[in-house]
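Numbering starts at 1 and runs along the sequence shown. All ligand and atom numbering here is 1-based and tracks the order in the structure.
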Amino acid sequence: MRVIAIDGPAASGKSSTAQAVARRLGWAHLDSGALYRAITLAVLDNLGNNEEGAKGKGGGWGPQRIIALTEDLPVRLVLAGAVFRPEVAGVDVAEAIRSERVTRRVSEIAAIPEVRHWVNVRQREAALDYPQGVVVEGRDIGTVVFPDAPLKVFLTASPEERARRRLAQRGGAGGAGLSDRTDPDELRRETEALAARDHADSNRAVAPLRAAPDAILLDTTDLPLEEQVQRVVALAQKRFSG
Ligand code: CDP
């Protein structure tokens, strides 16, 4: 199986690492979070906000309605070049899924077992579409989706550093020098929002965020992206040679 699983909490550097590693190896890149986000976007746009009923288990939306919606619209991952892009009803939603309203509700949707099952089936199908190899990123890739992946990497970084990266991403500042200009209140709010999502993702009953026992742990707090990428590429070359 030519799969590299990259797991870790929000803003730990999964996406940039997975993208760069895939490009360097000539493999495809699949972001499983994008599929959870695309379903969340579809639900919010078609089934309403459901602020009251959704507490805990996805409540009033109901798993059957969500799955029927994702099938009917449909929500899909479409291979464009070597990147799987999220689509809702034939429209590319790569940008729309990054909105605050999606981010705020995605962990609720991702905690629903039927949704996870649906997403996992799509991911395994997608991997078959790209036999050269696929770098898959998420929360449960090494533990649940591809437990036999020959290379599993679990990225971590301090909560503050992750919040800083997220703000830099949003402001398009690329990170450098950001700490001087960041409003401490904004940084605190972002740290809290990430912590809440980490907590929800780590404590849910199904497929909680967790490193697989055979995953290689990489703390990226003080690691430049280039070095992070090189380490994973080197591991991949060793694992997949021959
Ligand atoms: O990019 P960011 O790190 O903010 O998150 P993401 O990878 O886009 O994932 C968004 C949300 O989807 C996460 O907070 C999880 O609730 C859920 N997710 C998941 O449960 N399992 C995955 N394999 C990937 C994402």
Shortest protein contact, [atom] (heavy atom only):
{"atom": "atom 21 (N) of ligand 1", "result": "Arg116 NH2, 2.9 Å"}
{"atom": "atom 18 (N) of ligand 1", "result": "Tyr36 CD1, 3.6 Å"}
{"atom": "atom 17 (C) of ligand 1", "result": "Ala110 CB, 3.6 Å"}
{"atom": "atom 8 (O) of ligand 1", "result": "Arg37 NE, 2.6 Å"}
{"atom": "atom 24 (C) of ligand 1", "result": "Ser32 OG, 3.3 Å"}
{"atom": "atom 10 (C) of ligand 1", "result": "Arg197 NH1, 3.6 Å"}

Would you kindly specify which portion of [X] sits under 4.0 Å from ligand 1, judged on non-hydrogen atoms: side chain, backbone, both or neither?
{"X": "Arg204", "value": "side chain"}
{"X": "Ala11", "value": "backbone"}
{"X": "Arg139", "value": "both"}

Note to self: Taking the ring of Phe240 and the ring of Trp27, is the distance between their centroids below 6.0 Å?
What the structure shows: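 Yes, ring centres under 6.0 Å apart.
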Item checked: Cluster overlap Val83 with Val232, hydrophobic side-chain contacts below 4.5 Å ->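 As far as the 4.5 Å side-chain criterion goes, Val232 and Val83 are not connected within one cluster.
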Next item on the list: Identify, with sequence neighbours excluded, every residue that meets salt bridge (charged side-chain N to carboxylate O under 4.0 Å, His left out) alongside Asp92.
Entry: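 For Asp92 the salt bridge (charged side-chain N to carboxylate O under 4.0 Å, His left out) partners, ignoring immediate neighbours, are Arg85.
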Regarding [X] and [Y], do their side chains bring together a donor and an acceptor under 3.5 Å, going by distance alone?
{"X": "Trp118", "Y": "Glu71", "result": "yes"}
{"X": "Thr191", "Y": "Glu160", "result": "no"}
{"X": "Gln228", "Y": "Thr17", "result": "yes"}
{"X": "Thr103", "Y": "Arg37", "result": "yes"}
{"X": "Thr220", "Y": "Arg165", "result": "yes"}

Does [X] come within less than 4.0 Å of ligand 1, judged by its heavy atoms?
{"X": "Ser15", "result": "no"}
{"X": "Glu137", "result": "no"}
{"X": "Arg98", "result": "yes"}

Notebook entry, point to check: Could you walk me through whether Arg210 and Asp7 pass the salt bridge (Lys or Arg N to Asp or Glu O under 4.0 Å) check?
Noted result: CA-CA 8 Å; Arg210 177 161 308 157; Asp7 289 301; over 6 Å; no
Notebook entry, point to check: Measuring from Tyr36:OH to Ile97:CD1, what's the distance to the nearest 0.5 Å?
Noted result: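 Tyr36 atom OH to Ile97 atom CD1 measures 13.5 Å (nearest 0.5 Å).
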Looking at [X], which atoms of ligand 1 are within less than 4.0 Å of one of its heavy atoms?
{"X": "Asp140", "result": "21 (N), 22 (C), 23 (N)"}
{"X": "Ala10", "result": "3 (O), 4 (O)"}
{"X": "Asp201", "result": "13 (C), 14 (O), 15 (C), 16 (O)"}
{"X": "Lys14", "result": "3 (O)"}
{"X": "Val106", "result": "10 (C), 11 (C), 12 (O)"}

Which donor-acceptor pairs under 3.5 Å do the side chains of residues 141-155 make with protein atoms, sequence neighbours left out?
unit_1: Thr143; atom_1: OG1; unit_2: Asp140; atom_2: O; d: 3.4
unit_1: Lys152; atom_1: NZ; unit_2: Gly142; atom_2: O; d: 3.0
unit_1: Lys152; atom_1: NZ; unit_2: Pro147; atom_2: O; d: 2.7
unit_1: Lys152; atom_1: NZ; unit_2: Asp214; atom_2: OD1; d: 3.1
unit_1: Lys152; atom_1: NZ; unit_2: Asp214; atom_2: OD2; d: 3.3

Notebook entry, point to check: Looking only at N/O atoms, are Arg166 and ligand 1 under 3.5 Å apart anywhere?
Noted result: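 In this structure, Arg166 places an N or O atom under 3.5 Å from an N or O of ligand 1.
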